[in-house]
Amino acid sequence: MLDIKLIRDHEETVRQGLKARNASLEFLDAVVADDTQRRKLVTEVETLKNQRNVVSKDIGMLKSKGQDTTATQKSMRDLGDLIAQKDNEVRDLEARLKDNLLRIPNLPHSSLPVGTDASANVVVRSYGTPRQFTFQPKGHVEVGEKLGIFDFARGAKMTGSGFPLFLGMGSKLQRALIQFMLDLHTTEHGYTEMLPPFVVNTASMIGTGQLPKMAEDMYHATDDLWLIPTAEVPVTNFYRDDVIDKPLPVYLTAYTPCFRREAGAAGKETRGIIRVHQFDKVEMVKFVEPSTSYAELETLVTNAEDVLQRLGLSYRVLSLCTGDISFAAAKCYDIELWAPGQNGWLEVSSCSNFESFQARRANIRYRRQDGKLDFVHTLNGSGVALARLVVAILENGQEADGSVTLPEAIVPYMGGIRRIEPPK
RNA sequence: GGAGAGGUGGCCGAGUGGUCUAAGGCGCAGCACUGGAAAUGCUGUGUACCGCAAGGUACCGUGGGUUCAAAUCCCACCCUCUCCGCCA
């Protein structure tokens, strides 16, 4: 959520920012109009309330002296009706104002490349050199099916398409990678591990920015609970409506499954486990002092890169352009893994600085040096997303005989297994 | 799911319709006293919104309602604790 004062005082700047990211201006227009109207109305109704408070106090005093106050009470009843009526107007106006405000995306940071779509994203660095194959590398579906480590047909039978099912070494590999990443972030990068609920309430979804706009992209359960699309939601909401009582920065990390309806995405990358409705992910979340958030974003990205470097995978880091960053982000780096079977790049991490956008929605504050309360800056990044990581490991590690050599770093987590062999 | 108790400022806790402008305590900050400290004393100490300001308005779990006036009365809901039931 943008600061209403920023909109009030620098409307043109806000307008330019929204244009740069191709956002609709209709919500901004509505907010500007309602804000003016609201302030006028609030001033009016508060004057009336002051009148009522003063007179009511008098009534109390007069009554204690035994005087008759019937006439005053009658006129106050009318005043009360007027106040109630205006209060209702204010309430309706504020509800609409808030709802529209929640639909305005964050403003892009000045350092972003300008552009309308992904083609304007900029590669800021690359790591590793893609392996040269002596044979034609296969896609992960073919590799994995031969190894018997997943069974998409049965996943589709028990749930539906897009719900992958891992078996045997595939299942173990997922588990090993989760363990490996959590250990890395907790022991070397300074994060505290959390295992949060996998479903959250509506207030949490609003807090991180999924609602109200992205309701169609998520699974909504009974009791008004939502399946989380990312651990970002429960972990960031850990401090919702709180004043953080420990020194900043606070780093948290969590493994969770992620559930995404991917509404409208059918037909694109639907084969295998590249785009699915359920996947596992280790997420990193930071709560930081505003002045440090861009430096913190850089280290966040390197924390994610560290995972990939240790696994010996080739990747590139992209700075997303103004037209391609997500709703709540002010700046975002994507990390993409090289997948030889796809002959292309796979997004496995998205690291974003939300500045105070989420903190303002979720009301997450800290006490500044001068004693004043202020909103923190929040950041999060995948560290990293599974399934696609598995794709890269399978496709990069495949051998001519159909086996897959695993990255050295994961071997201890696999109980010493270095290679997944096809069943005899 | 059932029964009972409860939810008040950073914390503890009083307050059952009218100077509540929420007592008192703890904590914190400043000052005094002191060689320095402890102890003691004094002073200050919530948030948001409206307003150029003076000032005003709102907030006692949340949302409604009654009333001239609600922390206080009524209704619904949420959460916590205790016990019972069910249960991996």
Side-chain angles (χ1 to χ4, degrees), chain A residues 1-11 31-102 195-207 211 221-226 234 237-248 250 257 287 356-376:
Chain A
M1 186 164 70
L2 297 178
D3 187 354
I4 185 70
K5 293 193 198 89
L6 178 76
I7 294 176
R8 204 179 286 159
D9 300 339
H10 302 282
E11 188 184 328
V31 163
V32 169
D34 285 346
D35 177 51
T36 310
Q37 179 64 14
R38 177 188 164 270
R39 283 188 291 161
K40 181 167 164 272
L41 214 54
V42 163
T43 308
E44 257 176 62
V45 73
E46 287 188 353
T47 308
L48 297 178
K49 281 182 179 173
N50 177 237
Q51 247 179 68
R52 179 176 66 182
N53 288 346
V54 170
V55 174
S56 288
K57 202 166 280 183
D58 283 348
I59 291 174
M61 243 148 38
L62 292 173
K63 277 199 162 182
S64 68
K65 291 180 194 158
Q67 296 189 25
D68 177 60
T69 56
T70 319
T72 323
Q73 284 187 31
K74 189 172 176 306
S75 74
M76 280 301 104
R77 192 174 308 141
D78 294 341
L79 182 62
D81 290 344
L82 182 61
I83 288 172
Q85 183 204 319
K86 287 198 181 284
D87 260 344
N88 276 334
E89 285 179 48
V90 171
R91 179 156 21 103
D92 291 349
L93 199 56
E94 280 181 348
R96 191 171 72 197
L97 182 72
K98 182 82 187 289
D99 188 66
N100 282 323
L101 204 50
L102 289 175
L195 184 60
F198 300 161
V199 292
V200 297
N201 57 30
T202 296
S204 293
M205 282 294 194
I206 290 173
L211 290 178
T222 47
D223 298 331
D224 203 20
L225 296 174
W226 305 77
N237 278 280
F238 182 72
Y239 283 119
R240 173 155 54 83
D241 291 323
D242 267 343
V243 175
I244 297 179
D245 57 355
K246 48 172 81 172
L248 298 179
V250 172
F287 303 85
S356 59
F357 189 83
Q358 290 182 328
R360 187 169 283 109
R361 285 176 164 248
N363 192 29
I364 304 171
R365 296 178 295 174
Y366 76 111
R367 206 166 281 283
R368 296 193 312 216
Q369 290 262 299
D370 64 8
K372 297 273 185 241
L373 291 173
D374 197 4
F375 294 111
V376 298

Please report, rounded to the nearest Å, how far the P atom of B:U67 is from the CZ atom of A:Arg77. 7 Å
Heavy atoms from C-beta onward define the side chain here; which of B:U21, B:C68, B:U47 lies closest to that of A:Arg367? B:U47
Partners meeting side-chain contact (heavy atoms from CB on, under 4.5 Å) with A:Lys40 (sequence neighbours left out): A:Glu44
Given the C1' atoms of B:A3 and B:G56, what is the spacing between them in whole Å? 47 Å
Output the residues of residues 81-93 of chain A in contact with RNA chain B, where contact means a heavy atom of the residue under 4.0 Å from an atom of the strand; sort by number or write none. A:Arg91
Is it the case that the side chain of A:Asn50 and the backbone of A:Glu46 share a donor-acceptor pair, with hydrogens and angles ignored and the cut-off at 3.5 Å? no
Contacts of A:Asp241 meeting salt bridge (Lys or Arg N to Asp or Glu O under 4.0 Å) (sequence neighbours excluded), chain-then-number -> none
Can you tell me, in whole Å, how much space there is between the P of B:C50 and that of B:G2? 43 Å
Could you check which residues of residues 196-204 of chain A get a heavy atom under 4.0 Å from RNA chain B? Sort them by number, please. none
Could you give the distance separating B:A29 and B:C77 at their C1' atoms, to the nearest angstrom? 41 Å
Dot-bracket for RNA chain B: what is it, with Watson-Crick or G-U pairs under 3.5 Å, [ ] where a pair crosses earlier ones, and | for a pair to another strand? ((((((((.[[[..)..(.....]]]((((((.......))))))(((((....))))).[[[[[..)....]]]]])))))))....
If I pick the P atom on B:A32 and the same atom on B:A14, what distance separates them, to the nearest angstrom? 37 Å
Sequence neighbours excluded, the answer for salt bridge (Lys or Arg N to Asp or Glu O under 4.0 Å) partners of A:Asp99 is A:Arg103
With nearest nucleotide decided by heavy atoms, which residue, A:Arg8 or A:Ser56, maps closer to the 5′ end of RNA chain B? A:Ser56
Take atom P in B:G30 and the same atom in B:U80, then report the distance between them in whole Å. 39 Å
Using the salt bridge (Lys or Arg N to Asp or Glu O under 4.0 Å) criterion, which residues pair with A:Asp87? Sequence neighbours excluded. A:Lys49
With C1' as the reference atom in both, quote the distance from B:G65 to B:U72 in angstrom, rounded to an integer. 15 Å
If you look only at pairs with a residue in residues 2-11 of chain A, which of them pass as a salt bridge (Lys or Arg N to Asp or Glu O under 4.0 Å), with sequence neighbours excluded? A:Asp3-A:Arg360, A:Arg8-A:Asp35, A:Glu11-A:Arg15
With sequence neighbours excluded, residues passing salt bridge (Lys or Arg N to Asp or Glu O under 4.0 Å) with A:Glu94: A:Arg38
To the closest 0.5 Å, what do you measure between CZ (A:Phe287) and CZ (A:Phe238)? 8.0 Å
How many Å lie between CD1 on A:Ile59 and C1' on B:G17, as a whole number? 13 Å
Quickly work out the A:Arg240 CZ to B:U62 P distance and round it to whole Å. 14 Å
Given atom CZ of A:Phe375 and atom C1' of B:U47, what is their separation to the nearest angstrom? 11 Å
How would you summarise protein contacts on nucleotides 54-60 of chain B per nucleotide, using B for base, S for sugar-phosphate only and - for none, with heavy-atom distances below 4.0 Å? --BBS--
For nucleotides B:C26 and B:U40, find the distance between their P atoms and express it as a whole number of Å. 8 Å
Mind checking the C1' distance from B:U45 to B:U21? Whole angstroms is fine. 16 Å
Distance-only donor-acceptor hits, side chain of residues 72-79 of chain A, under 3.5 Å, sequence neighbours excluded:
unit_1: A:Gln73; atom_1: NE2; unit_2: A:Thr69; atom_2: OG1; d: 2.9
unit_1: A:Ser75; atom_1: OG; unit_2: A:Thr72; atom_2: O; d: 2.9

Check the distance between B:A48's P and A:Arg39's CZ and give it to me in whole angstrom. 18 Å
Taking only residues two or more places apart in sequence, or in another chain, which ones meet A:Ala203 in a side-chain contact (heavy atoms from CB on, under 4.5 Å)? A:Asn201, A:Arg240
Take the protein atom CD of A:Gln67 and the nucleotide atom C1' of B:G18, then report the distance between them rounded to whole Å. 15 Å
